[in-house]
Engineer: 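Dropping a structure here in structure tokens format, bear with me for questions.
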Amino acid sequence: MKFKKNPLFWILALISLILDHLAKFWTIQNFELHESWPLIPGVFHFTYVRNYGAAFSLFSENGEWLRWLSLGVSLALMALAWYGPKMTRWEQAGYGFILGGALGNGIDRFVAGYVVDFLDFRLIRFPVFNLADVAINIGIICLLIATIYPEMRTKKKA
């Protein structure tokens, strides 16, 4: 079965997608739009906002194409894991987290027309984001590690 070739990829994609959508569901059920709950006042809040664009609300005015980009990235990553070579653990983790994040935000865009964001770091005036965004960034870090330490690919058990 093809899932056995890169199992960590599929597991992390599924876990990150489920956690993202559970957190978004919790946010929608417990907050009014733009409502904010300070966990650490002035530093970290849960704030429910809708993002009609991409990162930092870029392309909010004309972001219809973002849903198709999410779909394309998701399909390409699934094809890579399914038909491509066996990946290292860092590559599987990286691509798996990116797939989970792309699917999480992509599903929002197709179903609702916007992405639910709720993590609000006010200390550094960072835009509100969600767990799908976190997963994508973790995935990028994993891929950087895989690139910086390529010898991990060639090491074999003695």
Engineer: For the residue pair R50 and V115, establish whether any side-chain heavy-atom pair is separated by less than 4.5 Å.
Structural biologist: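 They are not in side-chain contact.
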Engineer: Indicate, with yes or no, if V49 and F31 share a hydrophobic cluster defined by side-chain heavy-atom contacts under 4.5 Å among Ile, Leu, Val, Met, Phe, Trp and Tyr.
Structural biologist: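 No, F31 and V49 fall in different hydrophobic clusters.
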Engineer: L17 versus H21: any side-chain heavy-atom pair under 4.5 Å?
Structural biologist: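 Touching, per the 4.5 Å side-chain cut-off.
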Engineer: Can you check whether Y48 and F118 have ring centres sitting under 6.0 Å from each other?
Structural biologist: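 Ring centroids of Y48 and F118 are no less than 6.0 Å from each other.
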Engineer: Could you tell me whether a side-chain N or O of N6 sits under 3.5 Å from a main-chain N or O of M87, the two making a donor and an acceptor?
Structural biologist: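 The answer is yes, because a donor-acceptor pair under 3.5 Å joins these two groups.
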Engineer: Could you tell me whether a side-chain N or O of K86 sits under 3.5 Å from a main-chain N or O of K5, the two making a donor and an acceptor?
Structural biologist: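 Confirmed, K86 side chain pairs with K5 backbone.
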Engineer: Under a 4.5 Å cut-off applied to non-hydrogen side-chain atoms, are V128 and H45 in contact?
Structural biologist: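 When only atoms from C-beta onward are counted, H45 and V128 do not touch, as no gap falls below 4.5 Å.
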Engineer: Same hydrophobic cluster for I98 and F110, using side-chain heavy-atom links shorter than 4.5 Å among ILVMFWY?
Structural biologist: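 Cluster IDs for I98 and F110 match.
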Engineer: Can you name the closest pair of heavy atoms from G100 and S16 and give their distance?
Structural biologist: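 Nearest heavy atoms, G100 then S16: CA-OG, 3.2 Å.
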Engineer: When you check the side-chain N and O atoms of W37 and E35, is any donor under 3.5 Å from an acceptor?
Structural biologist: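 Checked: W37/E35 side chains pair up, N/O donor to acceptor below 3.5 Å.
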Engineer: NZ/K24 to CD1/I107 distance, rounded to the nearest 0.5 angstrom?
Structural biologist: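 It is 8.0 Å, given to the nearest 0.5 Å.
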Engineer: Quick one: list whatever passes salt bridge (charged side-chain N to carboxylate O under 4.0 Å, His left out) with D117, sequence neighbours left out.
Structural biologist: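 So D117 forms no salt bridge (charged side-chain N to carboxylate O under 4.0 Å, His left out) with any residue.
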Engineer: OG1 of T147 to CD1 of I140: how many Å apart, nearest 0.5 Å?
Structural biologist: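 Between T147 OG1 and I140 CD1, I get 11.5 Å after rounding to 0.5 Å.
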Engineer: Looking at side-chain heavy atoms only, is the closest gap between R122 and V43 below 4.5 Å?
Structural biologist: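 No; the side chains remain at least 4.5 Å from each other.
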Engineer: Side-chain contact test, heavy atoms from C-beta onward, threshold under 4.5 Å: evaluate it for L119 versus N130 and give yes or no.
Structural biologist: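 SC-SC contact between L119 and N130 ruled out.
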Engineer: Are L80 and L144 grouped together when hydrophobic residues (ILVMFWY) are joined by side-chain heavy atoms under 4.5 angstrom apart?
Structural biologist: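 Both belong to a single hydrophobic cluster.
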Engineer: Nearest 0.5 Å, what's the CG-CG distance between D133 and N51?
Structural biologist: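 Those atoms lie 8.0 Å apart.
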Engineer: Within this structure, what is the OG-CG distance for the pair S74 and L99, rounded to the nearest 0.5 Å?
Structural biologist: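 Separation between the atoms: 5.0 Å.
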Engineer: Are F97 and F129 linked, directly or through intermediate hydrophobic residues, by side-chain heavy-atom contacts shorter than 4.5 Å (ILVMFWY only)?
Structural biologist: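 Yes, same cluster.
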Engineer: Are Y83 and W10 connected in the hydrophobic side-chain network, where two residues link if heavy atoms are under 4.5 Å apart?
Structural biologist: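 Hydrophobic grouping puts Y83 with W10.
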Engineer: For F46, which residues count as a ring-ring contact (aromatic ring centres under 6.0 Å, His included) partner, sequence neighbours excluded?
Structural biologist: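 Per chain and number, F46 pairs via ring-ring contact (aromatic ring centres under 6.0 Å, His included) with W26, F44.
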Engineer: So, using side chain to side chain contact (heavy atoms under 4.5 Å, CB included) as the criterion, who are the partners of I18 when residues are at least two apart?
Structural biologist: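 If we apply the side chain to side chain contact (heavy atoms under 4.5 Å, CB included) test to I18, skipping adjacent residues, the hits are L14, L22.
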Engineer: Mind checking the OG1-CD1 spacing from T88 to I145? Nearest 0.5 Å is all I need.
Structural biologist: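 Between T88 OG1 and I145 CD1, I get 10.5 Å after rounding to 0.5 Å.
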Engineer: Ignoring hydrogens, what is the shortest heavy-atom contact between G104 and D20? Give both atom names and the distance.
Structural biologist: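 Of all heavy-atom pairs spanning G104 and D20, the closest is CA-OD2, 3.4 Å.
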Engineer: Using a 4.5 Å cut-off on heavy atoms from C-beta on, say whether the side chain of E91 contacts that of P85.
Structural biologist: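 Not in contact.
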Engineer: What do the steps show when you test T47 against H34 for side-chain contact (heavy atoms from CB on, under 4.5 Å), and what is the final call?
Structural biologist: CA-CA 6 Å; T47 304; H34 302 293; 5.8 Å; no
Engineer: Measure the spacing between CG of D108 and OH of Y52 and express it to the nearest 0.5 Å.
Structural biologist: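 Between D108 CG and Y52 OH, I get 11.5 Å after rounding to 0.5 Å.
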